[in-house]
Structures are given as C-alpha cells and as structure tokens.
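Below is one structure; the comments refer to it alone.
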Amino acid sequence: MEDHSHYMRRAIALADRSMRNHEGGPFGAVIVKDHTIIGEGWNRVIATNDPTAHGEISAIRDACRKIDSFELSGCSIYTTGEPCPMCLGAIYWARISRIYFGFRINDAADIGFDDTNIFDQFSLAPEQRKIPSSEILRDEAMILASNYQNISGRIAY
C-alpha cells in the first residue's frame with residue numbers, strides 16, 4: 001500500500017517555504033505518477049502578481065512540461081488545501097485521476113481564502129452572476145468554432 005503521507009508532507013513543505021518567503025498563501029501541491037513526483041508547485045500569487053499562480057496550477061504546469069504532455073491521466077495530486085474552483089477546473093482539464101487534500105474549503109475561508117462565493121456563482125445563469133456576462137457576435141464566433149472543428153489533423157483535448 002502506498003504511503004500517501006510522504007507526498008502530502010512534500011506539498012506542505014513547499015507551501016511552508018512559500019509562506020515564509022512571502023510568495024503567497026499556504027498552498028503547495030505535488031503530482032505523482034507511478035510512485036514518483038513529476039510536478040511540484042506552490043502559491044506564488046504575491047511573488048508574481050498573478051492571481052492564477054496557485055500551487056495546483058503551478059504543479060500541473062511543471063508536470064506537463066516534464067512529461068511533455070497536456071494530459072495527466074494516471075496521476076494523483078496532493079494539495080495542502082481542497083482545490084479552489086479554478087484549480088479544480090484545471091485538475092479536470094488535465095485529467096488527473098485522484099485528488100488528496102489537507103484542509104477543506106471552509107478551513108481556507110476561516111483564514112481569509114473564501115472560495116464559497118465563487119462556487120455559488122457557478123449555479124447562477126450568466127446574466128445573474130456578480131460579474132454579468134452577455135453573449136455577443138455569436139454567429140461570428142460560431143464560424144470560428146466550426147472552422148476549428150474542420151481542421152484536419154487537429155489534436156483533440
């Protein structure tokens with residue numbers, strides 16, 4: 001039986017270093033395939049002024065670079081906190097097979113990282129969300145979508 005605590009402890013160590021260096025919040029992540037860490041990341045939102053520089057996103061980017069693929073099926077991600085909506089979406093897009101996390105969304109909210117309002121927004125119609133969305137130039141955009149669908153030899157993802 002695999003000792004998952006080893007990988008989670010590495011994610012915790014990455015997050016701890018990031019916090020102490022004032023790079024970002026308490027979020028670190030590692031991606032494991034066949035009992036080997038293939039990607040590591042930590043929160044660097046403050047260090048890079050990039051709101052997408054979350055630990056999970058950084059780990060996904062690192063793993064994909066290392067294995068030269070945009071797809072991480074068969075991999076597990078170990079992350080110090082339950083993934084936020086953006087990171088959860090990226091985990092699904094990367095086709096990661098399993099998520100292990102330390103603290104929960106409500107624990108993150110207690111220390112100032114409240115994602116519940118974002119999760120709540122997903123259930124609303126686009127025009128009812130806090131940031132309203134409006135569909136425009138659909139016909140022109142659909143031509144683009146159709147052209148993409150007809151590209152010979154395109155790589156599906």
Side-chain angles (χ1 to χ4, degrees), residues 1-126 128-131 133 145 148-149 151 153-157:
M1 187 166 154
E2 189 170 8
D3 181 13
H4 299 285
S5 61
H6 167 74
Y7 305 120
M8 182 59 79
R9 285 192 179 104
R10 178 62 183 160
I12 290 169
L14 293 168
D16 185 58
R17 183 182 71 197
S18 173
M19 287 181 344
R20 292 182 190 284
N21 290 336
H22 306 287
E23 294 179 298
F27 305 100
V30 298
I31 297 176
V32 175
K33 184 169 184 135
D34 299 327
H35 310 288
T36 301
I37 294 175
I38 63 166
E40 296 186 330
W42 52 92
N43 188 290
R44 300 201 70 231
V45 170
I46 294 169
T48 61
N49 290 318
D50 178 356
T52 69
H54 289 201
E56 297 93 331
I57 301 292
S58 298
I60 289 168
R61 289 174 179 159
D62 186 44
C64 288
R65 252 189 321 272
K66 286 180 178 168
I67 68 166
D68 194 28
S69 177
F70 56 80
E71 197 250 326
L72 298 172
S73 63
C75 294
S76 297
I77 188 166
Y78 296 79
T79 178
T80 55
E82 186 177 3
C84 76
M86 176 183 67
C87 294
L88 188 59
I91 288 165
Y92 275 90
W93 274 111
R95 296 176 186 89
I96 291 173
S97 300
R98 178 74 190 207
I99 302 168
Y100 297 94
F101 61 87
F103 53 82
R104 292 185 173 271
I105 292 289
N106 60 320
D107 299 320
D110 290 344
I111 60 168
F113 299 94
D114 191 355
D115 297 327
T116 56
N117 61 333
I118 300 170
F119 280 111
D120 292 343
Q121 292 291 304
F122 290 135
S123 64
L124 300 174
Q128 294 175 330
R129 294 179 185 151
K130 183 178 177 181
I131 301 173
S133 301
Y148 173 76
Q149 189 175 21
I151 291 175
R154 71 179 159 90
I155 299 172
Y157 68 97

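All residue numbers in this chain count up from 1 along the given sequence.
- The distance from atom SG of C75 to atom CD1 of I60, rounded to the nearest 0.5 Å, is 10.0 Å.
- Across all non-hydrogen atoms, the minimal contact from A63 to I31 is CB-CD1, 4.0 Å.
- Applying the side-chain contact (heavy atoms from CB on, under 4.5 Å) criterion to D120, with sequence neighbours excluded, gives no partner residue.
- Summarising the geometry of A59 relative to A29, their closest heavy-atom pair is CB-O, 3.7 Å, with the distance given to 0.1 Å.
- The list of ring-ring contact (aromatic ring centres under 6.0 Å, His included) pairs with a residue in residues 40-75, not counting sequence neighbours, reads F70-Y157.
- Taking CD1 of I118 as the reference point, atom CD1 of I131 lies at 8.5 Å (rounded to 0.5 Å).
- The side-chain heavy atoms of R61 and T52, taken from C-beta on, include a pair separated by under 4.5 Å.
- Pairs engaging residues 9-32 under the ring-ring contact (aromatic ring centres under 6.0 Å, His included) rule: F27-F103, F27-F113 [sequence neighbours left out].
- Counting heavy atoms from C-beta outward, R10 and Y78 have side chains that stay 4.5 Å or more apart.
- In this structure, R154 places its CZ atom where more than 12 heavy-atom neighbours from other residues, nucleotides or ligands lie under 6.0 Å away.
- Within the model, atoms NE2 of H6 and NE2 of H35 stand 12.0 Å from one another, a figure rounded to the nearest 0.5 Å.
- When every heavy atom of P85 is checked against every heavy atom of D115, the shortest pair comes out as CD-CB, 3.8 Å.
- When the side-chain contact (heavy atoms from CB on, under 4.5 Å) test is applied to P126, the partners found at least two apart in sequence or on another chain are R129, S133.
- Within a 6.0 Å sphere centred on CD of Q128, other residues, nucleotides and ligands contribute more than 12 heavy atoms.
- Checked by atom type, the side-chain pair S73/E71 shows a donor-acceptor distance below 3.5 Å.
- Taking all atoms of both residues into account, the shortest heavy-atom contact from Y100 to M8 is O-CE, 3.7 Å.
- Under the rule for a side-chain contact (heavy atoms from CB on, under 4.5 Å), the partners of A109 that lie at least two apart in sequence or sit in another chain are D114.
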message = The test is side chain to side chain contact (heavy atoms under 4.5 Å, CB included); show your working for L72 and K33 and say whether it passes.
response = CA-CA 9 Å; L72 298 172; K33 184 169 184 135; over 6 Å; no

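- Separation of atoms CD1 (I38) and OG (S76) is listed at 10.0 Å; rounding is to 0.5 Å.
- Between L88 atom CG and I105 atom CD1 the span is 8.5 Å, to the nearest 0.5 Å.
- Under the 4.5 Å side-chain criterion, counting only non-hydrogen atoms from C-beta, C87 is in contact with I57.
- For the atom pair S18 OG and E23 CD, the distance stands at 4.5 Å (nearest 0.5 Å).
- Screening residues 79-96 for side-chain hydrogen bond (donor to acceptor under 3.5 Å, both in side chains), with sequence neighbours left out, gives E56-T79.
- Within the 4.5 Å cutoff, the side chain of P83 has no heavy atoms near those of the I77 side chain.
- Residues D62 and R65 are paired through a salt bridge, judged by an N-O separation under 4.0 Å between the basic side chain and the carboxylate.
- S69 and C64 get closest at one heavy-atom pair: O-CB, 2.9 Å.
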